[in-house]
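Structure record follows, encoded as structure tokens.
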There are 2 protein chains.
Amino acid sequence: MKTPEKMLELHNLKKTGHRLMILTILKESDRFLSADDLYMKMKEEDENISLSTVYRILETFVLKSIVSAVNVEFSKKVLYELAHEAHGHRLICTNCHKVVYVEDCPVHNFEDAISEEYDFDIKRHKLDFYGLCSECKAELSS
Amino acid sequence: MKTPEKMLELHNLKKTGHRLMILTILKESDRFLSADDLYMKMKEEDENISLSTVYRILETFVLKSIVSAVNVEFSKKVLYELAHEAHGHRLICTNCHKVVYVEDCPVHNFEDAISEEYDFDIKRHKLDFYGLCSECKAELSS
DNA sequence: ATGCAAATGCAAATGGTTCGCATTTGTGTT
DNA sequence: AACACAAATGCGAACCATTTGCATTTGCAT
């Protein structure tokens, strides 16, 4: 995976400490983060940033497709993750909120079939799986 | 499909004009509606209701699984539809927002396979298709 | 017809996100 | 290395969808 620096260069974005830090945090996170999650993590590391800057940086990243904005069932906030290069789908743990990305897709054939059947020109789909990851499964059954 | 009256009876909910009207509007709609959409439609029909009541009625209906709350890519509001009895997935027109519900599911096998592979206990999934319905496809290509 | 829990209206509060504007900073150019 | 200027940032206020508190009304079992 690209380094945060490379990501910014690639999109002609200025390399600011804030932007690099946000990319680094997202890169190291195994779950989605809200703007406020990022803001608080940065405060913890003594990065002086304002919440509106976090929002603006994320807006820029989403526009450039460096970051994806995600809606999940368990939160009404918009959550963010580093964008994935390959098409795939997510396994989301409803207990700890960990996310695993699976680069595989079971719906393309179905998509063709229903495009035909319903005369719909399907452009994309959104498929997420919700359940318990192995740790939470073990923990909750004990 | 059940009548609005039956739906309320079935769940021991008082039959108020507001509730019946909301169910009727949702029943007749071929797309998702926001609380505010419902509020405005009711005002148009001279139903005197307050927006907070619309929210409270919807909250009750969602709790009873009479109505589903839906998040879609093109709106940050929560949208509502009558709940479907059978499992299926939606084709959502990104242009006119019409929704077609397809009572078929292409992912169960895949779900079993990845449950195994990632040791995830998958409880449910969310799959929506976005594209153009036949009318919009025709209209936009002309 | 009566009583009471549930439903409603209204206004205020909330929470996430966006915006306006003054100030600072990164970076290409001299 | 200093300059210039567009872009990035901080701060607070604004915004919008949704929720809540509380006083009043209403459906419905008795």
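Each chain gets a letter, A, B and so on, in the order its sequence line appears, and its residues count up from 1.
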Test item: [X] side-chain N/O and [Y] main-chain N/O as donor-acceptor pair under 3.5 Å:
X     : Y     : value
A:Y55 : A:A35 : no
A:T24 : A:L20 : yes
B:R31 : B:C96 : yes
B:Y80 : B:V67 : no

Looking at the side chain of [X], which of [options] is the nearest nucleotide?
X     : options               : result
B:K77 : C:dT18, D:dA17, D:dT9 : D:dA17
A:S50 : C:dG9, D:dG10, C:dT17 : D:dG10
A:Y55 : C:dT8, D:dT18, C:dT17 : C:dT17

Is A:K76 near enough to D:dA17 that one of its side-chain N or O atoms lies under 4.0 angstrom from OP1 or OP2?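 Answer no for this pair, as no side-chain N or O of A:K76 is under 4.0 Å from OP1 or OP2.
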At under 4.0 Å, does any side-chain N or O of B:H18 touch on OP1 or OP2 of C:dG9? yes
If you write DNA chain D from 5' to 3' in dot-bracket form, with Watson-Crick or G-U pairs under 3.5 Å, [ ] for crossing pairs and | for pairs with another strand, what do you get? ||||||||||||||||||||||||||||||
Taking atom [atom2] of [N] as reference, at what distance in whole Å does atom [atom1] of [X] sit?
X     : N      : atom1 : atom2 : value
B:L8  : D:dG27 : CG    : C1'   : 12 Å
B:I57 : D:dT19 : CD1   : C1'   : 15 Å
A:I22 : D:dA8  : CD1   : P     : 13 Å
A:K64 : D:dA7  : NZ    : P     : 11 Å
B:L23 : C:dA7  : CG    : C1'   : 15 Å
A:L51 : D:dA14 : CG    : P     : 18 Å
B:L79 : D:dA17 : CG    : C1'   : 12 Å

Is it true that the side chains of B:S34 and B:D37 contain a donor and an acceptor less than 3.5 Å apart? yes
Does a sphere of radius 6.0 Å around [atom1] in [X] hold more than 12 heavy atoms from other residues, nucleotides or ligands, not counting ones at 6.0 Å or beyond?
X      : atom1 : answer
A:K2   : NZ    : no
B:K137 : NZ    : yes
B:K43  : NZ    : yes
B:K6   : NZ    : no

Test: A:E28 and A:K41 ion pair at under 4.0 Å: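 Salt bridge flag = no for A:K41 with A:E28.
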Counting primed atoms, P, OP1 and OP2 as sugar-phosphate and everything else as base, the B/S/- map of nucleotides 19-30 of chain C against protein heavy atoms under 4.0 Å is BBB----BS---
Using heavy atoms and a sub-4.0 Å distance, could you list which residues of residues 27-49 of chain B are near DNA chain C? By number, please. B:N48, B:I49
Flag the pair A:H125 / A:H87 as yes when their ring centroid distance falls below 6.0 Å, and as no otherwise.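 For A:H125 and A:H87, the ring centres are under 6.0 Å apart.
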Kindly determine whether B:V99 and B:L91 satisfy side-chain contact (heavy atoms from CB on, under 4.5 Å), including the steps that lead there. CA-CA 6 Å; B:V99 178; B:L91 309 186; over 6 Å; no
